[in-house]
Amino acid sequence: MTDPTDPEERLLSRLGAMFEQADPPPPELVELARQSFVLRDLDAGLARLVEDSELSLEDTATRGPVPVRSPGTLPQPRQLTFQVIGPHGGDEIVIAVQVEPVGARRRLTGHLAPQGPARIEVRQPAAQPHRVDADHRGLFVIDGVLPGPMSLTCHRAGAPVVATQWILV
C-alpha cells in the first residue's frame, strides 16, 4: 500500500497520471503484459524457442524471436520448435509447430515429443484462449489463429504445465 503523504509517492502518482493521459499504452500491450503474468501464476515451465525457420540460431539468441517481414510479402509456412530441458540435461518436452497462412488467419500443425495426449491452449492478447486436444501420438491442429503475438500452453496428465515464450505469428 502506498503512503499518500509521502512526497515521492505523490510525485510518482502524478507522473504516472500524466503519462497515462499523454501517451497511454496500446490496449494490446496491456493485455499481453497481463497474460504473461497470468502464465507466471500457473507455475508453468517455460519452453524456450530453439528453432525458427525464419531466423538463424544466432538471430534468435541476439535479437529474440521477433521476425520482421518486408511489406507486401506473403507469409510463408514457418517451423517453430520449443524445448524444455529437464533437470538432468535431456529434453523434458519438445513442441514443434508449423505455422501456415490460411487467408487472414493461421493454422498451427504440431506435435509433441514425447508423444502422448495433451491439452494445447493458444493464448493471444486479442482473442479468448483456444483449446484443442493432442492425440495419443501428440499430434494437434489449431485453426483460426490470429496473426500477432501468441503463446502455447501444454497440459499433460502427470506432468507440469509447460508454456512457450511469446512469439509473433
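Predicted, not measured: the structure shown is a model, and the values here were computed from it. Basis for what follows: all heavy atoms, side chains included, without hydrogens, waters or symmetry-related copies.
For the side-chain contact (heavy atoms from CB on, under 4.5 Å) with Gln98, the qualifying choice from Gln79, His111, Arg78 is Gln79, the only one to do so.
Checked for salt-bridge contact, Arg123 and Glu121 meet the test: a charged N lies under 4.0 Å from a carboxylate O.
Here Pro24 pairs with Glu20 under the side-chain contact (heavy atoms from CB on, under 4.5 Å) rule; sequence neighbours left out. Partners of Arg107 under the salt bridge (Lys or Arg N to Asp or Glu O under 4.0 Å) rule, at least two apart in sequence or in another chain, are Asp143. The side-chain contact (heavy atoms from CB on, under 4.5 Å) search around Arg10 returns Pro7, not counting sequence neighbours.
Here the CE-CZ distance, from Met150 to Arg106, works out to 11.0 Å after rounding to the nearest 0.5 Å. In this structure, the separation between CZ on Arg131 and CD on Gln128 is 8.5 Å, given to the nearest 0.5 Å. Atom CE of Met18 is separated from atom CG of Asp23 by 10.5 Å, given to the nearest 0.5 angstrom. Taking CD1 of Ile167 as the start and CZ of Phe82 as the end, the distance is 4.5 Å to the nearest 0.5 Å.
The hydrophobic cluster of Leu12 has no other members, since no ILVMFWY side-chain heavy atom comes under 4.5 Å of it.
The side-chain heavy atoms of Leu112 and Phe140, taken from C-beta on, include a pair separated by under 4.5 Å. No side-chain heavy atom of Val141 sits under 4.5 Å from any side-chain heavy atom of Leu108. In this structure, the side chains of Val97 and Leu152 come closer than 4.5 Å at one or more pairs of heavy atoms. Residues Gln124 and Val145 are in side-chain contact: their nearest non-hydrogen atoms beyond the backbone lie under 4.5 Å apart. Looking at heavy atoms from C-beta onward, Leu46 lies out of side-chain contact with Val84 at the 4.5 angstrom threshold. Two residues are said to be in side-chain contact when any heavy atoms from C-beta on lie closer than 4.5 Å; Thr153 and Ile120 fail this criterion. Pro25 has its side chain out of reach of Phe19: every pair of non-hydrogen atoms, C-beta onward, lies at least 4.5 Å apart. Under the 4.5 Å side-chain criterion, counting only non-hydrogen atoms from C-beta, Ile85 is not in contact with Glu92.
Listed by first and then second residue, the salt bridge (Lys or Arg N to Asp or Glu O under 4.0 Å) pairs that reach into residues 146-166 come to none, sequence neighbours excluded. Among residues at least two apart or in separate chains, there is no salt bridge (Lys or Arg N to Asp or Glu O under 4.0 Å) pair with a member in residues 157-169.
The two residues Ala134 and Gly116 come nearest to each other via the heavy atoms CB-O, 4.3 Å. Here the closest non-hydrogen pair linking Pro125 and Pro149 is CD-O, 3.5 Å. Taking every heavy atom of both residues into account, Cys154 and Ala118 meet most closely at SG-CB, 3.9 Å.
Under a hydrophobic clustering in which Ile, Leu, Val, Met, Phe, Trp and Tyr are joined whenever their side-chain heavy atoms come within less than 4.5 Å, directly or via other members, Leu146 and Leu80 fall into different clusters.
A donor-acceptor pair under 3.5 Å is formed between the side chain of Ser151 and the backbone N or O of Thr164. Side-chain atoms of Gln165 come within 3.5 Å of backbone atoms of Leu49 as a donor-acceptor pair (strictly under, hydrogens ignored).
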